[in-house]
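Accompanying notes for the structure given below.
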Amino acid sequence: MATAFQISVWRAMELIPRGKVTSYGAIAHYLGTKAVRAVGSAVGKNPYAPEVPCHRVIRGDGKIGNYSGGEGTPTKIKLLTQEGIGIEGDKIVDFQKVFWQFGSEIKL
DNA sequence: TACATGACTATCC
DNA sequence: GGGATAGCCATGT
């Protein structure tokens, strides 16, 4: 069963462009809440796995975080790498450079 | 209804 | 700078 909160999280992830990443905190802020833990739970329960770019959601400190698909975190790293995102170990290389915030798309 | 858990974040040592 | 602890909201049992 999907709650309104989860739907909001999944819809927010669809806004993330390819080659960019965002954090759980950014999504929470976009939704107007501080429930970053709840956001993480919602993303993990995302039924639209490949349809929604849930792999573009990482932790706020630049680390990959976790993943519930394929091989888990390694698969998440692979997907991000294929989109041109540099990853070193379990962290984003140019984190600030590939970081994307909601609303930045209209900033041109 | 109440308790425990989680794809996190911030603070303290 | 790195590791450990507490706080946080929503969900599931």
Side-chain angles (χ1 to χ4, degrees):
Chain A
M1 179 51 187
T3 66
F5 181 80
Q6 290 172 157
I7 301 288
S8 300
V9 174
W10 302 332
R11 286 185 38 152
M13 290 193 296
E14 293 187 86
L15 301 176
I16 306 172
R18 194 179 86 78
K20 293 281 185 176
V21 297
T22 192
S23 67
Y24 298 93
I27 295 177
H29 184 73
Y30 172 70
L31 298 179
T33 180
K34 296 158 296 190
V36 294
R37 300 293 306 278
V39 171
S41 296
V43 176
K45 291 164 189 164
N46 167 37
Y48 308 94
E51 195 173 336
V52 173
C54 47
H55 56 272
R56 292 179 193 151
V57 184
I58 64 174
R59 290 178 46 149
D61 62 338
K63 297 183 76 173
I64 301 301
N66 233 311
Y67 196 63
S68 299
E71 303 294 304
T73 309
T75 298
K76 186 169 181 177
I77 294 174
K78 190 191 299 182
L79 286 169
L80 292 172
T81 303
Q82 288 180 59
E83 298 195 351
I85 297 175
I87 299 179
E88 190 172 310
D90 61 333
K91 292 160 290 190
I92 301 293
V93 179
D94 296 306
F95 180 50
Q96 306 233 23
K97 200 155 85 173
V98 299
F99 191 80
W100 179 89
Q101 313 183 49
F102 295 92
S104 298
E105 52 184 349
I106 62 174
K107 211 174 79 177
L108 203 278

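The sequence lines fix the lettering, A, B, ..., with proteins before strands; numbering per chain opens at 1.
A/L31 places its CG atom 12 Å from the C1' atom of C/dA10, with the value rounded to the nearest Å. The distance from atom CG of A/N46 to atom C1' of C/dT11 is 16 Å, rounded to the nearest whole Å. To the nearest angstrom, P of C/dA10 lies 16 Å from CD1 of A/I7. Rounded to whole angstrom, the span from the CZ atom of A/F5 across to the P atom of C/dC8 amounts to 16 Å.
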### Message
Between A/K63 and A/D61, does the salt bridge (Lys or Arg N to Asp or Glu O under 4.0 Å) criterion hold? Intermediate values first, please.
### Response
CA-CA 6 Å; A/K63 297 183 76 173; A/D61 62 338; 5.3 Å; no
### Query
Between A/Q6 and A/T3, is a side-chain contact (heavy atoms from CB on, under 4.5 Å) present by the stated rule, with each step listed?
CA-CA 5 Å; A/Q6 290 172 157; A/T3 66; 3.5 Å; yes
### Task
Please report the C-alpha distance between A/L80 and A/V98 in whole Å, then the side-chain angles of each, then the deciding distance to 0.1 Å, and finally whether the side-chain contact (heavy atoms from CB on, under 4.5 Å) criterion is met.
CA-CA 11 Å; A/L80 292 172; A/V98 299; over 6 Å; no
### Query
Is there a side-chain contact (heavy atoms from CB on, under 4.5 Å) between A/T22 and A/F102 once you walk through the steps?
CA-CA 9 Å; A/T22 192; A/F102 295 92; 4.2 Å; yes
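You can see that DNA chain B meets the heavy atoms of chain A within a 4.0 Å-exclusive cut from B/dG6 to B/dT9, reading 5' to 3'.
Heavy-atom neighbours of A/K20 NZ from other residues, nucleotides or ligands within 6.0 Å: above the threshold of 12.
Looking at A/T73, its side chain never comes within 3.5 Å of a backbone N or O of A/N66 through a donor-acceptor pair.
Taking all atoms of both residues into account, the shortest heavy-atom contact from A/I77 to A/D90 is CD1-CA, 4.5 Å.
Taking CG of A/L79 as the reference point, atom SG of A/C54 lies at 8.5 Å (rounded to 0.5 Å).
A salt bridge links A/E83 to A/R56: at least one charged side-chain nitrogen sits closer than 4.0 Å to a carboxylate oxygen.
Taking a 4.0 Å limit (strictly below) on heavy-atom distances, residues 49-75 of chain A does not reach DNA chain C anywhere. Contacts between residues 33-44 of chain A and DNA chain C, defined by a heavy-atom separation under 4.0 Å, are made by A/A35, A/R37, A/A38.
In this structure, A/W10 and A/Y48 have perpendicular ring planes: the angle between them is above 60°, well past the 30° mark.
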